[in-house]
**Student:** 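Structure provided below as structure tokens; questions to follow.
All ligand and atom numbering here is 1-based and tracks the order in the structure.
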Amino acid sequence: MNRYIIHTFGCQMNKHDSERMAGLLESHGYTAARSDDEADVIVFNTCAVRETADDRMYGQVASLKAIKTGGRPDVIIAVGGCVGQRDGEEMLRRLPHVDVVFGTHNIADLPSLIEAAAAGRPTARVLDGTEAFASDLPTVREHPWHAWVPITVGCDNHCAYCIVPAVRGPERSRVFEDIVAEVSGLVAEGVLEVTLLGQNVNSYGRDRYGQPRFAELLRAVAHTGIPRIRFATSHPKDLSDDTIDALASVPSLMPYLHLPVQHGSNAILAAMNRRYTRENYFERIDRLRGAVPGIALSTDIIVGFPGETDEDFEQTMGLVNRVGFDHAFTFIYSPREGTPAASLTETVPREVSQMRFDRLAELVRDLSFASNRRAVGRVDQCLIEGASRRDPRVLSARTPHNRLVHVPVPVDRSASLYAGSIQPIRITGAHPWFLTGEFASGAV
Ligand code: 5AD
Ligand code: SF4
């Protein structure tokens, strides 16, 4: 009877937290439902970073009222994540059909809050912060061969546009030995890839006097024998030479780095409180490329930050061109209440932001396409993620450089034979957002 579904918005930390929520609910006797119509408990794990996701989530939760008024009044609707943390009780007032609101620091309370709501007591419980990491909770992983491993939570950087420090709290590092022990356990379970998570992984250990820092953690995690390691997110100002050396010398560290630059103009970088210049950024990129030739690079960029002039925007275009990112995630600035930038008055008109955004998006597409074309002819060890969403006879795989490859399932073979294995793939074709490939000799 007790079936649950979780809708996840936002970043990789939320994906991780959702896997823990699922684990927690299953350890309390719940089973997964395939749709809202089948579910007795509907959980939203929300994101407050940009207005669009925030509004979309509020819209979706609001529309669930129909489920309750349409004959299923006992369905429990729970809202967690960053919007839950931010809005708390206020959400129960705005959306009276919501039963449970919880925050980013009290995921462990979810089962008891659901129970209370089922007994007729709608509840909002949001804590300010806790030393407990959700990684101590049971988990149901989306893919058995991949695990998210948080190493820090929260953020101390206070970039002017960003709501994260307000909702996730100050940065706290997880105990070194706990992380290494968790990854060792994952190796024993047959996990092939871990992604180490934090808002700013490069500052790992800074808050724990005498603790090893990030590069040392990377080496210790590699020592467990885990075949593949990725990590996100890196702040350019904290990307140390030591970490670059680790990327160059540890074979299980994948040759891919997500290094959000956010903007190309020094004036806007300063207004954003990013604490580096475009010159600093170029220096880090040059050093990375010198140490790890061919490393794939992706970034995040914001367009239309208050005060952004045409010249500032051209600086962003110039920076993106010069670095030649393999991929970039692009965003139009959206003011978030409670952030320093929200009070800036020199706002950029929406049409101007949109025009700049479209130009940047076209450049990003061209660069991504060029990067994919350069990959044609390579044979790479790729992690097969499973059948592609569109065609069950095509497999989705990831190259070490994090490129997506579509590979036809060999005739007479089943797709499930390959899911969660590492296979040699020859890249045969390039599209702007993905590659095509075929199994190379040596594949199973
Ligand atoms: N408006 C637009 N984009 C934002 N990001 C964070 N806050 C905002 C905002 N207020 C972007 C940044 C960050 C990514 C996760 O989201 O580029 O790196
Ligand atoms: Fe937000 Fe900046 Fe922290 Fe990233 S580093 S989470 S953008 S405050």
**Student:** Using a strict cut-off of less than 4.0 Å between a Lys/Arg side-chain nitrogen and an Asp/Glu carboxylate oxygen, indicate whether E189 and R141 qualify as a salt bridge.
**Tutor:** yes

**Student:** Give a yes or no answer on whether the side chain of T195 reaches the backbone of R230 with a donor-acceptor pair at less than 3.5 Å.
**Tutor:** no

**Student:** Verify salt bridge (charged side-chain N to carboxylate O under 4.0 Å, His left out) between E193 and R398, making sure each step is shown before the conclusion.
**Tutor:** CA-CA 11 Å; E193 182 177 276; R398 286 275 160 193; over 6 Å; no

**Student:** Counting only heavy atoms, which portion of Y161 has something under 4.0 Å from ligand 1: side chain, backbone, both, or neither?
**Tutor:** both

**Student:** Among all protein heavy atoms in this structure, tell me which lies nearest to atom 15 (C) of ligand 1, with the distance rounded to 0.1 Å.
**Tutor:** D300 OD2, 3.8 Å

**Student:** Is R206 close enough and on-axis enough to Y204, meaning under 6.0 Å and within 45°, for cation-pi?
**Tutor:** no

**Student:** Closer than 4.0 Å to some heavy atom of H158 - which atoms of ligand 2 meet that?
**Tutor:** 8 (S)

**Student:** Assess C155: does it contribute an N, O or S atom lying under 2.8 Å from atom 1 (Fe) of ligand 2?
**Tutor:** no

**Student:** Which protein heavy atom lies closest to atom 11 (C) of ligand 1, and at what distance to 0.1 Å?
**Tutor:** R50 NH1, 3.4 Å

**Student:** Could E89 and R94 be called an ion pair, given the rule that one side-chain N must be under 4.0 Å from one carboxylate O?
**Tutor:** no

**Student:** Please state which protein non-hydrogen atom is closest to atom 7 (S) of ligand 2 and give its distance, to 0.1 Å?
**Tutor:** Y161 OH, 3.4 Å

**Student:** In ligand 1, which numbered atoms sit nearer than 4.0 Å to a non-hydrogen atom of Y333?
**Tutor:** 1 (N), 2 (C)

**Student:** Starting from atom 8 (S) of ligand 2, find the nearest protein heavy-atom neighbour and note its residue, name and distance.
**Tutor:** C159 N, 3.4 Å

**Student:** Between the candidates Q199, K237, H235, which shows the shortest non-hydrogen contact distance to atom 6 (S) of ligand 2?
**Tutor:** Q199

**Student:** Please report which non-hydrogen protein atom sits nearest to atom 1 (Fe) of ligand 2, along with the residue it belongs to and the distance in Å to one decimal place.
**Tutor:** C162 SG, 2.3 Å

**Student:** Mind checking whether F329 and H258 have ring centres under 6.0 Å apart?
**Tutor:** yes

**Student:** Compute the minimum heavy-atom distance from R168 to ligand 2 and say whether it is under 4.0 Å.
**Tutor:** no

**Student:** Select one of side chain, backbone, both or neither to describe which atoms of I332 lie under 4.0 Å from any atom of ligand 1, heavy atoms only.
**Tutor:** backbone

**Student:** Please list the nearest protein heavy atom to atom 17 (O) of ligand 1 with its residue and the distance rounded to 0.1 Å.
**Tutor:** Q262 OE1, 2.6 Å

**Student:** One thing to verify: whether K65 and D99 come together as a salt bridge, which I'm taking to mean a side-chain N less than 4.0 angstrom from a carboxylate O.
**Tutor:** no

**Student:** Of all the non-hydrogen atoms in the protein, which one sits nearest to atom 4 (C) of ligand 1, and at what distance?
**Tutor:** I302 CD1, 3.7 Å

**Student:** Taking the six-membered ring of F9 as reference, does the cationic atom of R56 (NZ for Lys, CZ for Arg) lie under 6.0 Å from its centre and within 45° of its axis?
**Tutor:** no

**Student:** Please determine whether the number of non-hydrogen atoms from other residues, nucleotides or ligands lying under 6.0 Å from atom NE2 of H431 exceeds 12.
**Tutor:** yes

**Student:** Might you confirm whether atom CD of E337 has over 12 heavy atoms from other residues, nucleotides or ligands at distances under 6.0 Å?
**Tutor:** no

**Student:** Considering only heavy atoms, does V49 approach ligand 1 within less than 4.0 Å through its side chain, its backbone, both, or neither?
**Tutor:** both

